[in-house]
Amino acid sequence: MIEDPDDQEGRHRTVRDPVAFAALVERHATDLHGYFARRAPQAADDLHAELWLRAYAARRGYDPERGSVRAWLFGVARNVLSAHWRQRAADRPGLPRSAGGDDPWAAVDDRLVAASMAPQLRALLAQLPSTERELLLLVAWEQLSPTEAAAVVGIPAATARTRLHRARNRMRDGAARHMTGDPT
Amino acid sequence: MTERSERDEILDFPGADQLVAAGAVAPPPADRIAAAVDLVTPRTEREAEGTTTTPLIVLGRPGTGAEGPRTASGRSRFPRRRRLLLTAAAMAVPAAGAVAYPVLDVGGEPAATASAATRFLNEMAEVSGAASAPHGKYWMSHYLSKDGPPGRAPVTVTVYSDRSGKSWIRDPKGKVAVSGHNIADWRVGHRRLSWDGLNQLPTDPQKLKAHFPKNTADRFFQIMSLLEESPAGPRLRSALFQIVAKTPGVRMAPNVKDSRGRLGTVINLHRRAEPDPKAALGKSKPSVASPAYVDGPYYFIAPRTGRVVESTSDLHGKPTVRTTYLKVGWTDRIG
């Protein structure tokens, strides 16, 4: 059974129905694998597998009132990724905070370097509060709507919109300062 | 404003195109998607098998005689050497209220028989398999142990063990001593395995089952002992639950309170009383009071974690043997 994105009850049934769950995997696996590939490329396959095990085990906890299936799955993925980074930090206590914890910024920055992104843009992104940066990346990379990104991060949609616009303004202002040579 | 135009507005800053482009990744190979589907499919099929219900059966018989439950060979069904488990946060999710032991039975029928007990145990296999992998130098369990005649107070015990099998015990006053007993081993068939030994066991349920006794009851109690007190990893726990799910005679009762008032699901093995060889020869009285059936011990399982939070010889009255787990998990230090 393929879920009807406009049918909330249908979405609910699909997530909870064990047989229909496999259809969810086929439908969302590529996007979710991409989420991990962008943030933890070396572990993407393992994390992707872990995601589906957890999502299946937790499927009864899905509440359609709190967002789409897609947002819920990305939320589970975010938890899997956070656990991965925390475990990595625990396994390697000497690792600098920026490379551990549950913020994948170091891996994201590696990707930006590899993509030859302008250093000043990387610096501006690095200066964003981690939640603002995460929301921005969920919109830019995962093509989530602000409402979906809010559900992934676990904050109200209105708060997410405020933070996203604040992030955009920071990026605009930073770029303008760079162009005028203002170091502040 | 639509969500699409919102996205455009949010990404309206210099360099946004570069940012979006940097996120481009190749789609995963088809076999990665297939692997994800394969990972879920056996679980969905197992659950789909368990959609047929069997009638409710009321469990009303107290468990055992005064000496506590024993196997055919006279061994206690309760693990004596060590107990395990559970962080307080991992207790059962509170429900509306406890009920008085309505029990759903696998029905003594073959494995594929669908039942609520089978479904529950398969769910516990899922929950266990999705748990975090072990980490930490020591396996620790902090528990209340009641083992003796009525009136004897339970004692608080904390046990640590490392991967090689070395063990330490912390007494109620906080003093830690190396255990003089070999308590960090777990019985699997005729062998006793350390933590490292457990890690060598197969995690395919069929292959794993071959390591345990063929006798259903002996196998069930060995497996429950591992689920109760061992540091078995997520995949091994999942496989153990899958074997239990296919064990004829396993019953369950949801929303039952343990001695601490925590709600969980109780499982037990419903079976015929084993004839006492000595009694049969007229040399002693039967060790079990009368009964045609012996049902204990009972295992309280937290549905959210799949952990055993308590085992007890008797759901009614005053049990002779009871282990109540207060905290369990991996740690990097003793004390």
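Per chain, numbering begins at 1; letters A, B, ... match sequence-line order. Worth saying up front: this structure is predicted, and the values here are computed from it rather than measured.
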task: Indicate the ring-plane relationship of Y56(A) and F21(A), choosing parallel, tilted or perpendicular according to the 30° and 60° boundaries.
output: perpendicular

task: Look at A22(B), G15(B), A24(B) and state which one has the largest set of heavy-atom pairs under 4.5 Å with chain A.
output: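 Of the candidates given, the most pairs with chain A belong to A22(B).
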
- request: Under 4.5 Å, counting heavy-atom pairs only, tell me which of V20(B), V25(B), L19(B) racks up the most with chain A.
  value: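 When all of V20(B), V25(B), L19(B) are compared, L19(B) has the most.
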
task: Please list, chain by chain and in numerical order, all residues satisfying side-chain contact (heavy atoms from CB on, under 4.5 Å) with V127(B), sequence neighbours excluded.
output: M124(B)

field: Engaged part of I10(B) at the chain A interface, taking heavy atoms whose separation is under 4.5 Å
entry: both

- prompt: Can you say whether D12(B) sits under 4.5 Å from chain A via the side chain, the backbone, both, or neither, judging by heavy atoms?
  reply: both

Contacting moiety of A115(A), where chain B heavy atoms sit under 4.5 Å: side chain

- prompt: Do D46(A) and H84(A) meet the criterion of a side-chain donor-acceptor pair at a distance under 3.5 Å?
  reply: no

- prompt: Looking only at side chains, do D196(B) and S194(B) share a donor and an acceptor under 3.5 Å apart?
  reply: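 Side-chain D/A pair, D196(B) to S194(B): absent.
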
- prompt: Do you know which of V108(A), L124(A), V139(A), L125(A) has the most heavy-atom pairs with chain B at a distance under 4.5 angstrom?
  reply: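 Between V108(A), L124(A), V139(A), L125(A), the count favours V139(A).
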
task: For the pair W141(A) and Y35(A), evaluate ring pair (Phe, Tyr, Trp, His ring centres under 6.0 Å) and give the outcome as yes or no after the intermediate values.
output: CA-CA 8 Å; W141(A) 285 358; Y35(A) 174 84; 9.6 Å; no

